[in-house]
2 protein chains.
Amino acid sequence: MKQSSDCSSLQLTTTQWALSEAETVCQQRGVRLTELRRRVLEIIWNHSSPLGAYAILDVLRNDGRQGAPPTVYRALDFLLEQGFIHRLASLNVFTGCRQPGAHHSGQFLICRDCGQVDELSNLTVDAALRAEAMARDFEVSAQTVEVLGRCLMCRNEASHHAN
Amino acid sequence: MKQSSDCSSLQLTTTQWALSEAETVCQQRGVRLTELRRRVLEIIWNHSSPLGAYAILDVLRNDGRQGAPPTVYRALDFLLEQGFIHRLASLNVFTGCRQPGAHHSGQFLICRDCGQVDELSNLTVDAALRAEAMARDFEVSAQTVEVLGRCLMCRNEASHHAN
DNA sequence: TAACAATTGTTATTCTATAACATAACATGA
DNA sequence: TCATGTTATGTTATAGAATAACAATTGTTA
């Protein structure tokens, strides 16, 4: 069994942890985490909330790198394929995956105010959806589970400003 | 308790049923199901699979009606607000709601081959997501639950062509 | 080094969605 | 009925998201 390192047990930022995990997985799989791909992954993890493709492109251009949309989308496609990031369909944004390389679909709580995302792995949800699919002879290839709402901090903010 | 009519118990097409339900709900709410809104709802229900906004626009233009994107999007916004249709975020398409007016989020099985959609109302999924949210002090405003895959018919098609 | 594959650069285009303002239809009270 | 305000639609332009197609570059391997 592969022993996966845990973010909290090391003296690393989450970004550093994510990058080194990605390096490891890529080596194991014989695929290349190029400078560009690495940088895009870093940009995503450095940001507190998920980023859109064009926001990532802006950062790349700030780096001094030349680039057009395909540059970003190709890197994103790679990172998605390898399971290093997730795409949130309801917002057209990308966020780092907490179980890199696992190729899972993921479930998300998304705050519509601050944009922060909480990634869940609720087996009940997953199992219930698979059961529904099976009952209908439906072959599942991907799940999109995104819960939009407001986090505690933003609710407190809002009620505070209301006074 | 309001007695809601059921599609299968009447000699109506599903489209006719959906339109008359919408009429009723609009009257109850004092909002207007205008010719345009009614027609957009009809277009969506008449089609076997969900439609994108621009596909709907094409149909409207075929009707001879003049129109630009905002024409369609405003009608869609109204229908979404009233709970007569759903938007499938993973495909950027719109599909008729089987419980019109209920303002629920819905759960969907979407066949990536034929595009057909099955709308679920799985309480376990809903409850599990709400529980996760509550545990994190997260206030839910909408759920996006979309399962992408292949329906039985399309799987049979595929294996048949493979021979 | 030659040849091939994988990656990135570049230009253009398609698809999705909204901003902003003009016009038309509807409702309401004087 | 007409003046007024509101709601809905028409219209033009643009923003935002994603991909097609081809060129140039880099990496790898025989």
Side-chain angles (χ1 to χ4, degrees), chain A residues 22-23 26-27 29-44 49-61 63-82 84-95 112 115 144 146 148, chain B residues 22-23 26-27 29-44 49-61 63-82 84-95 112 115 144 146 148:
Chain A
E23 293 277 14
C26 282
Q27 283 201 345
R29 292 182 184 160
V31 295
R32 296 170 52 208
L33 187 64
T34 62
E35 169 59 25
L36 174 66
R37 292 163 176 174
R38 193 187 147 85
R39 178 64 182 132
V40 169
L41 184 57
E42 183 181 35
I43 290 167
I44 290 172
S49 57
L51 287 170
Y54 283 70
I56 295 168
L57 184 54
D58 284 342
V59 179
L60 284 178
R61 284 174 173 157
D63 285 0
R65 185 192 290 269
Q66 65 242 56
T71 306
V72 178
Y73 280 103
R74 283 189 288 229
L76 291 171
D77 284 344
F78 173 84
L79 297 172
L80 285 168
E81 269 168 29
Q82 300 301 323
F84 299 154
I85 61 173
H86 290 290
R87 176 169 187 275
L88 305 184
S90 60
L91 298 177
N92 297 325
V93 293
F94 301 86
T95 188
R112 62 179 153 84
T144 299
E146 301 173 17
L148 208 71
Chain B
E23 294 278 14
C26 282
Q27 283 201 343
R29 292 183 185 159
V31 295
R32 295 171 51 208
L33 188 65
T34 62
E35 169 59 23
L36 174 65
R37 291 164 175 173
R38 192 187 149 85
R39 178 65 180 130
V40 169
L41 184 57
E42 183 180 36
I43 290 167
I44 290 172
S49 57
L51 286 171
Y54 282 71
I56 294 168
L57 184 54
D58 284 342
V59 178
L60 284 177
R61 283 174 173 158
D63 286 359
R65 184 192 290 269
Q66 65 241 57
T71 307
V72 178
Y73 279 102
R74 282 189 288 229
L76 291 171
D77 284 344
F78 173 84
L79 298 172
L80 284 168
E81 269 168 30
Q82 300 302 322
F84 299 154
I85 61 172
H86 291 289
R87 176 169 186 275
L88 304 183
S90 59
L91 298 179
N92 298 323
V93 293
F94 301 86
T95 189
R112 61 180 153 84
T144 299
E146 301 172 17
L148 209 68

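Being a predicted model, the structure only gives us computed values, none of them experimental. In the text below, chain A, chain B and the rest are named by the order of the sequence lines, each starting its count at 1.
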Tell me: [atom1] of [X] to [atom2] of [N], nearest whole Å?
X	N	atom1	atom2	value
B:Leu51	C:dC15	CG	C1'	15 Å
B:Asp77	D:dT7	CG	P	16 Å
A:Arg38	C:dT7	CZ	P	17 Å
A:Leu91	C:dT16	CG	P	18 Å
A:Gln82	C:dA6	CD	P	14 Å
B:Arg87	C:dT18	CZ	C1'	13 Å
A:Leu76	C:dT7	CG	C1'	15 Å
A:Leu80	D:dT19	CG	P	10 Å

>> Using the salt bridge (charged side-chain N to carboxylate O under 4.0 Å, His left out) criterion, which residues pair with A:Arg38? Sequence neighbours excluded.
In response: A:Glu23
> Want to settle it: does A:Phe94 or A:Arg32 sit nearer the 5' end of DNA chain D, counting the closest nucleotide to each?
Replying inline: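 Nearer the 5' end of the strand: A:Phe94.
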Shortest non-hydrogen separation from [X] to [Y] and the atoms involved:
X	Y	answer
B:Pro69	B:Leu57	N-CD2, 3.9 Å
A:Arg37	A:Arg32	NH1-O, 2.7 Å
B:Ala68	B:Arg61	CA-NH2, 4.1 Å
B:Phe94	B:Ile44	O-CG2, 4.0 Å

> Taking A:Thr95 as the fixed residue, which of A:Ile85, A:Leu51, A:Leu88 is the one that meets the side-chain contact (heavy atoms from CB on, under 4.5 Å) rule?
Replying inline: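 The residue from A:Ile85, A:Leu51, A:Leu88 that satisfies side-chain contact (heavy atoms from CB on, under 4.5 Å) with A:Thr95 turns out to be A:Leu88.
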> Which one of A:Val93, A:Leu79, A:Asn92 satisfies the side-chain contact (heavy atoms from CB on, under 4.5 Å) criterion with A:Arg87?
Replying inline: A:Asn92
> For D:dA18, does either OP1 or OP2 sit under 4.0 Å from a side-chain N or O belonging to A:Tyr73?
Replying inline: yes
> For C:dT16, does OP1 or OP2 lie under 4.0 Å from any side-chain N or O of A:Asn92?
Replying inline: no
> How does protein reach along nucleotides 9-14 of chain D, written 5' to 3' as B (base within reach of a heavy atom under 4.0 Å), S (only sugar-phosphate), or - (no contact)?
Replying inline: BBBB--
